[in-house]
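Read the structure below first, then the notes.
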Number of protein chains: 2
Amino acid sequence: MEQTLKLEHQICFQLYTASKELTRLYRPILEPLNLTYSQYLVMLVLWEEDGIDLRQLGTRLTLDSGTLSPLVKRLIQIGYVEKSRSSDDERKVVVRLTDRGSALREQAMDVPLQVSGMLNIDEATYVAYMEMLTDIKTRLHDFGERQREQ
Amino acid sequence: MEQTLKLEHQICFQLYTASKELTRLYRPILEPLNLTYSQYLVMLVLWEEDGIDLRQLGTRLTLDSGTLSPLVKRLIQIGYVEKSRSSDDERKVVVRLTDRGSALREQAMDVPLQVSGMLNIDEATYVAYMEMLTDIKTRLHDFGERQREQ
DNA sequence: ATAATTTAAATTGTGCACAACTTAATTGTT
DNA sequence: AACAATTAAGTTGTGCACAATTTAAATTAT
């Protein structure tokens, strides 16, 4: 393993800039939907699984309440979601799509196509890259497990 | 190209979480150096190229003055760097390592080794992943070029 | 040479991201 | 049943990240 302090040789830096630049690509696409990138991720979860509670939402997105509480508050202000306490467990806050929030899904349907068009990437490469990224996360989780064990 | 709105199928989401989780891995490693992840990236650049100006620093890290100005101010407070106006162009601010900042390099030398150990990754895989990430960035830049052309 | 344009930093404002803490509800234990 | 421990959200504080604006210096054009 090459060990230097050169910026370009560090995988963390490449991940960090690739993520930032890809997010930048989304900005103009999401602007007409009136969503930031993080808000878009929350909407993706809700379109899949409406009526999820904040805790589960945070687990899916790797975000804690310190990030999600104010973010959801903004989505409420826009009018895409509403929240209420769960009846069977008063600690839990359930997030639900409003009609406008559900309707937005139609508009968002072609976002992935737009993005892959911009990236100009073929299916096989796309799949290979997805596997690499999930593998990196697996390695990170494995390390977390090993740490927790002892 | 599979086109769904499923969170896990979106490359942006995988990049975003992989980047966040890898950064989380760095936190405890960088804590004894008294650096955040972004501050660490700035120090990496300076250890390579001391006396760089803010503009070039921003180009290397894809960060603008709105991020870098306060970040460098914090590095000055810690005592790792100092800044001064360039003599030949008074607009430019040059950032230089202090003795403490230079000395920190020794301590940082084994950070990459610690990280790759935690990731438990072999050289060939590491190289493949780096190539994937630079390819993603190339595709992003290529799109930027195409946009600018017309 | 002067005016217009461009460039470099800094500042302001918004929105994440996360650690640390608080509050309230639920679950477990004795 | 009463108390302790755990869990879910929310709040506070710090530090990015970036758009938009401001200020000052340097270039370019006329």
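In what follows, chains are A, B, ... by sequence order, proteins preceding strands, each numbered from 1.
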- Looking only at heavy atoms, which two atoms of A/Leu97 and A/Met43 are closest? And how far apart? CD2-CE, 3.7 Å

- Task: Return the value, rounded to whole Å, for the distance between atom CD of A/Gln77 and atom P of C/dT14.
- Result: 12 Å

- Message: Using a 4.0 Å heavy-atom cut-off to protein, can you give one letter per nucleotide of nucleotides 17-28 of chain D, 5' to 3': B if the base is in contact, S if only the sugar-phosphate is, - if neither?
- Response: BBB-----BS--

- Using a strict 4.0 Å threshold on nitrogen-to-oxygen distance, state whether A/Arg146 and A/Asp142 make a salt bridge. no

- In whole angstroms, how far is the P atom of D/dT7 from the CG atom of A/Leu54? 17 Å

- Nearest-angstrom distance from the residue atom CG of B/Leu30 to P of C/dA19: 14 Å

- Could you state the CG-C1' distance from A/Leu35 to C/dC16, rounded to the nearest angstrom? 14 Å

- Take the protein atom CZ of B/Arg74 and the nucleotide atom C1' of C/dA10, then report the distance between them rounded to whole Å. 14 Å

- Query: Do B/His9 and B/Gln14 get their side chains close enough for a donor-acceptor pair, meaning under 3.5 Å?
  - Reply: no

- Taking CZ from B/Arg55 and C1' from C/dA10, how many angstroms apart are they, rounded to a whole number? 14 Å

- Tell me yes or no: between the side chains of A/Thr23 and A/Arg27, is some donor less than 3.5 Å from an acceptor? no

- Output yes when at least one side-chain N/O atom of A/Gln56 is less than 4.0 Å from OP1 or OP2 of D/dA8, else no. no

- Query: Rounded to whole angstroms, how far apart are CG on B/Leu68 and P on D/dC16?
  - Reply: 10 Å

- Message: For C/dT14 and A/Thr36 - does any side-chain N or O of the residue sit under 4.0 Å from the phosphate oxygens OP1/OP2?
- Response: no

- Item | Any donor-acceptor N or O pair under 3.5 Å, side chains A/Thr125, A/Asp122 | yes

- Out of A/Tyr26, A/Tyr40, A/Tyr37, A/Tyr16, which residue meets the ring-ring contact (aromatic ring centres under 6.0 Å, His included) rule with B/Tyr16? A/Tyr37

- Query: Within the pair B/Lys83 and C/dA10, is there a side-chain N or O less than 4.0 Å away from OP1 or OP2?
  - Reply: yes

- Message: Can you measure A/Gln39 atom CD to C/dG15 atom C1' for me and round it to whole angstrom units?
- Response: 8 Å

- Can you name the closest pair of heavy atoms from A/Tyr126 and B/Ile11 and give their distance? OH-N, 3.1 Å

